[in-house]
Amino acid sequence: MPHQFPRRALALLPLLLLAACAQAPAENLPTITTPAAAQTTAEEPLTSFADWRQALRSEAIAAGIDAALFDRVLAGISPDPAVLKADSSQPEFTRPVWEYLDGAVSSSRIGRGRVLLAQHNLVLQRIEQQYGVEAQILVAIWGLESNFGNNIGSHSVIRSLATLAYDGRRQGFWRVQLLAALQILQNGDVPSERMIGSWAGAMGQTQFMPTTYNQHAVDFDGDGKRDLWNSSTDALASAAHYLQASGWQRGQPWGFEVSLPNGFDYALADPDQRRTLAEWAELGVRPMAPTGAAASARASLQLPAGHQGPAFLLLDNFRSILKYNNSTSYALAIGLLADNLLRPSEVKGQWPRGERQLGRSERIELQELLTKAGFDPGPADGIIGANTRKAIRALQLQLNWPADGYPNTELLQQLRAKSKH
């Protein structure tokens, strides 16, 4: 997910900084949890949008943007209320991982993906040969990001980014993205009227943010333009280029489902607990099917729904997918969809479908009660991150429960009872 940058400091930075800020698109997925950095209060905007635009104009010109282009593209633009509403929304409930996977890895998406995998076989082979990223992974990303190019968004990228840079959260980050979008227009890859995307500025069939585009988009069809909107070839190759830069290892699986032995220490299901596959095997962790992965490959254990749900060993390529979109549910969906594009591959473990997910206000209450009980979950922001999971594990160990770090209603009820004593 994007980093946060101080707004006023950005006014002093050259456009060359944009490449260092490149991040993967993440704004169009329902299960994504907004990182703590994104929860900061918006800075006070300038007295008027016109004044703000004039200040940005000076900065853009200093960074190399043509004045005439700036004036033409931002003429008549006003903040988009729908974008501000989307930016400030904090949904009370999010879908459980199994519901997200039901939609992301649906039979219709698998069927369509297999057809496109065959149709684009020759170009996908060329892309894989150049960038070392397997065809099924790229088609899976294509399917989840834009439904294979059928849903690339309808918002003006310039208006959306200007709105967010003026009056959104993380104004500094959006300011960088807006300058990057102006650079794209100046390079001539797309005319301004065709630069459309999500409400948060993610663009094209693979939903790149402008900084990501500037660093990783490629012209693979050879027409002289890096066109992620109309050229599936450019979009797929650009995604491959991004994954290559994120450390993708050709021939290595993203991960696989495993079974755990009785009495397993669930506290080992932690992203920081990385072991070789041989070491996991010594602990009794067994793949559900042949994997083809080297025994020396390192992996972490993931329990997306706690100890009552399926378990997965996740290798380095999973982390590369997370750099594209920092959501465990998303990365898991990419891996499972990619597997199914090659052959039927169902999750064998049972999801706890009858279990109700904690709402945002309940997650905040859980964190507050953990703090009151002497644990350290970090800020009470409703985000179940590494610190909160560590605090939950400590409480679970104290209660002699399976220490999987997974929040549920039973744990919240226990904390409520504890706080009354």
Side-chain angles (χ1 to χ4, degrees), residues 1-5 23-42 85-101 164 168-174 199-200 202 209 267 269-273 300 302-306 309 314 318-319 321-333 355-396 403-416 419:
M1 292 290 288
H3 298 291
Q4 183 185 22
F5 300 92
Q23 291 291 339
E27 288 74 11
N28 61 327
L29 294 168
T31 61
I32 289 174
T33 302
T34 307
Q39 302 296 324
T40 56
T41 303
K85 182 178 180 181
D87 182 52
S88 63
S89 65
Q90 291 284 346
E92 173 60 22
F93 294 100
T94 54
R95 284 190 295 169
V97 59
W98 52 89
E99 287 187 10
Y100 174 69
L101 293 176
L164 293 165
R169 299 175 298 164
R170 300 181 294 154
Q171 291 172 354
F173 169 74
W174 299 118
W199 66 264
M209 292 301 292
D270 185 313
D272 294 330
Q273 295 283 340
S300 59
Q302 179 79 33
L303 305 174
L314 307 176
F318 190 87
R319 296 191 169 207
I321 300 172
L322 286 176
K323 291 177 183 177
Y324 196 105
N325 186 318
N326 193 23
S327 160
T328 299
S329 296
Y330 173 88
L332 191 59
E355 183 174 289
R356 184 180 70 81
Q357 299 288 285
L358 295 181
R360 181 172 179 272
S361 57
E362 290 175 315
R363 297 194 300 271
I364 291 173
E365 180 187 2
L366 176 80
Q367 291 169 320
E368 291 172 342
L369 291 174
L370 282 167
T371 301
K372 184 178 179 181
F375 302 97
D376 183 17
D381 53 12
I383 300 166
I384 307 300
N387 290 334
T388 300
R389 292 190 186 279
K390 183 177 180 181
I392 290 172
R393 284 195 184 96
L395 173 61
Q396 290 169 329
D404 58 10
Y406 186 72
N408 56 23
T409 54
E410 187 179 6
L411 189 75
L412 178 58
Q413 290 168 359
Q414 186 71 27
L415 279 167
R416 286 170 174 166
S419 70

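Numbering starts at 1 and runs along the sequence shown.
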Set of salt bridge (Lys or Arg N to Asp or Glu O under 4.0 Å) partners for R319, sequence neighbours left out: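 R319 satisfies salt bridge (Lys or Arg N to Asp or Glu O under 4.0 Å) with no other residue.
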Partner set under salt bridge (Lys or Arg N to Asp or Glu O under 4.0 Å) for E355, not counting sequence neighbours: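 Per chain and number, E355 pairs via salt bridge (Lys or Arg N to Asp or Glu O under 4.0 Å) with no residue.
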After noting the C-alpha distance and the side-chain angles of I392 and L366, does the key distance pass the side chain to side chain contact (heavy atoms under 4.5 Å, CB included) rule? CA-CA 9 Å; I392 290 172; L366 176 80; 4.1 Å; yes
Under a 4.0 Å threshold between the charged nitrogen and the carboxylate oxygen, would D270 count as salt-bridged to R389? no
R356 with E362: basic N within carboxylate O range, under 4.0 Å: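 Yes, charged N to carboxylate O under 4.0 Å.
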Is it true that a side-chain atom of Q302 and a backbone atom of A269 form a donor plus acceptor pair closer than 3.5 Å? no
Just by distance, with hydrogens left out, do T94 and Q357 show a side-chain donor and acceptor under 3.5 Å apart? no
Do you see a donor-acceptor pair shorter than 3.5 Å between the side chains of T388 and Q367?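 A donor-acceptor contact under 3.5 Å links the two side chains.
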Report yes if some heavy atom in the side chain of [X] is under 4.5 Å from a heavy atom in the side chain of [Y]; otherwise report no.
| X | Y | answer |
| --- | --- | --- |
| T371 | D376 | no |
| P377 | K390 | no |
| L303 | Y406 | no |
| F173 | L164 | no |
| P407 | R363 | no |
| Y330 | I321 | yes |

Would you sort out whether N408 and L358 count as a side chain to side chain contact (heavy atoms under 4.5 Å, CB included), showing the intermediate values? CA-CA 6 Å; N408 56 23; L358 295 181; 5.7 Å; no
T328 side, atom OG1; Y100 side, atom OH - distance, nearest 0.5 Å: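 These two atoms lie 11.0 Å from each other.
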